[in-house]
S.K.: 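Shown below is the structure under consideration.
FYI, side chains are in, hydrogens and waters are out, and symmetry mates aren't considered; it's all heavy atoms of this structure. Sequence lines set the chain letters: A, B, ... in the order given, protein chains first and strands last, and positions in each chain run from 1.
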Amino acid sequence: QKEVEQNSGPLSVPEGAIASLNCTYSDRVSQSFFWYRQYSGKSPELIMSIYSNGDKEDGRFTAQLNKASQYVSLLIRDSQPSDSATYLCAVYSNSGYALNFGKGTSLLVTP
Amino acid sequence: EPEVTQTPSHQVTQMGQEVILRCVPISNHLYFYWYRQILGQKVEFLVSFYNNEISEKSEIFDDQFSVERPDGSNFTLKIRSTKLEDSAMYFCASSDSGTSGSTDTQYFGPGTRLTVL
């Protein structure tokens, strides 16, 4: 079973600060990485995808991928209380059909 | 914006009964998936479906489960003889394609909360 590991948190940051969420994965051949946001009782909502080493920016969000170290991170700049949610890291299985999810990191942005 | 829809939003059933969860994937998508999330646990893959057949299934997806695309728009998950431990949120997802090593984003529906009493 390929594992995706995340710190469960909660991670608490003040409004306006940068939130940094981390994820490690065990399968060296993984190629596709996704960050989803999940509010309590709701479904996963895509935040970002990343496939190449380095940084990818989209608005207040930056995903960072380091395949050599097998980690992927998500930075949220200017954090808002509405960003308070659980952030799920997901990696495609070798077959390319199944997404393997981490347990998620709970983020709390305090006003 | 196109979205995945699921019905019902909440299903309550008695242990041993059969349930059918329904999904309408995004219209031009070719791959369909079911995931489940037991309360407080991670999202778990159940099955993927392409071209009217299962392309991958997890260990969870045993003979109790089946999937079907009965027409051009619906995708269903049937759970036979439900057990207490089947209580979970069931999410349907779809993607443009799902070839090996896929980079395609999977878009999730709102989920069906299944409660088995």
S.K.: Check whether more than 12 heavy atoms from other residues, nucleotides or ligands sit under 6.0 Å from atom OH of Tyr107(B), and answer yes or no.
M.R.: no

S.K.: Please give me the minimum heavy-atom distance between Ser93(A) and Glu56(B), naming the atom from each residue.
M.R.: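 Looking at all heavy atoms of both residues, the shortest contact is OG-OE1, 3.6 Å.
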
S.K.: So does Lys56(A) have more than 12 non-hydrogen atoms from other groups sitting under 6.0 Å from NZ?
M.R.: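 For Lys56(A), atom NZ is crowded (more than 12 foreign heavy atoms under 6.0 Å).
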
S.K.: Indicate if Phe49(B) and Tyr90(B) have the same hydrophobic cluster label, given that clusters are the connected sets of ILVMFWY residues with side-chain heavy-atom separations under 4.5 angstrom.
M.R.: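 Yes; Tyr90(B) is reachable from Phe49(B) via cluster members.
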
S.K.: Please state whether the side chain, the backbone, both or neither of Glu44(B) comes within less than 4.5 Å of a heavy atom of chain A.
M.R.: neither

S.K.: Under a 4.5 Å side-chain heavy-atom rule over Ile, Leu, Val, Met, Phe, Trp and Tyr, are Tyr71(A) and Leu107(A) clustered together?
M.R.: no

S.K.: Consider only side-chain heavy atoms of I, L, V, M, F, W and Y, link residues closer than 4.5 Å, and tell whether Leu21(A) and Leu75(A) are in one cluster.
M.R.: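 No, it is not one cluster - the side chains of Leu21(A) and Leu75(A) are not joined through contacts under 4.5 Å.
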
S.K.: Heavy atoms only: give me the nearest Phe34(A)-Asp104(B) pair and the separation to one decimal.
M.R.: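 Closest heavy-atom pair between Phe34(A) and Asp104(B): CZ-O, 3.7 Å.
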
S.K.: Counting only heavy atoms closer than 4.5 Å, note whether Gln38(A) contacts chain B via side chain, backbone, both or neither.
M.R.: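 For Gln38(A), the side chain is the part near chain B, not the backbone.
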
S.K.: Is any side-chain heavy atom of Leu99(A) closer than 4.5 Å to a side-chain heavy atom of Tyr35(B)?
M.R.: yes

S.K.: Where the side chain of Tyr97(A) meets the backbone of Tyr33(B), is there a donor-acceptor pair that is under 3.5 Å apart?
M.R.: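 No; zero donor-acceptor contacts below 3.5 Å.
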
S.K.: State, without any angle test, whether Gln106(B) and Tyr36(A) hold a side-chain donor-acceptor pair at a distance under 3.5 Å.
M.R.: no

S.K.: Answer yes or no: are there more than 12 heavy-atom neighbours, outside Leu39(B) itself, under 6.0 Å from its atom CG?
M.R.: no

S.K.: Please determine whether the number of non-hydrogen atoms from other residues, nucleotides or ligands lying under 6.0 Å from atom CG of Asp63(B) exceeds 12.
M.R.: no

S.K.: For chain A, which of Pro110(B), Gly111(B), Ser55(B) has the most heavy-atom pairs under 4.5 Å?
M.R.: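 The candidate making the most pairs under 4.5 Å is Ser55(B).
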
S.K.: Can you say whether Lys42(A) sits under 4.5 Å from chain B via the side chain, the backbone, both, or neither, judging by heavy atoms?
M.R.: backbone

S.K.: Should we count NZ of Lys67(A) as having more than 12 external heavy atoms under 6.0 Å?
M.R.: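 Above 12, so yes.
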
S.K.: Can you tell me how far the NZ atom of Lys42(B) sits from the CG atom of Asn100(A), to the nearest 0.5 Å?
M.R.: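 Reported to 0.5 Å precision, the distance equals 7.0 Å.
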
S.K.: What pair of heavy atoms forms the shortest contact from Val43(B) to Phe101(A), and how long is it?
M.R.: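 It is O-CB, 3.6 Å.
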
S.K.: Taking Ser43(A) for its side chain and Gly109(B) for its backbone only, find out whether a donor-acceptor pair lies under 3.5 Å.
M.R.: yes

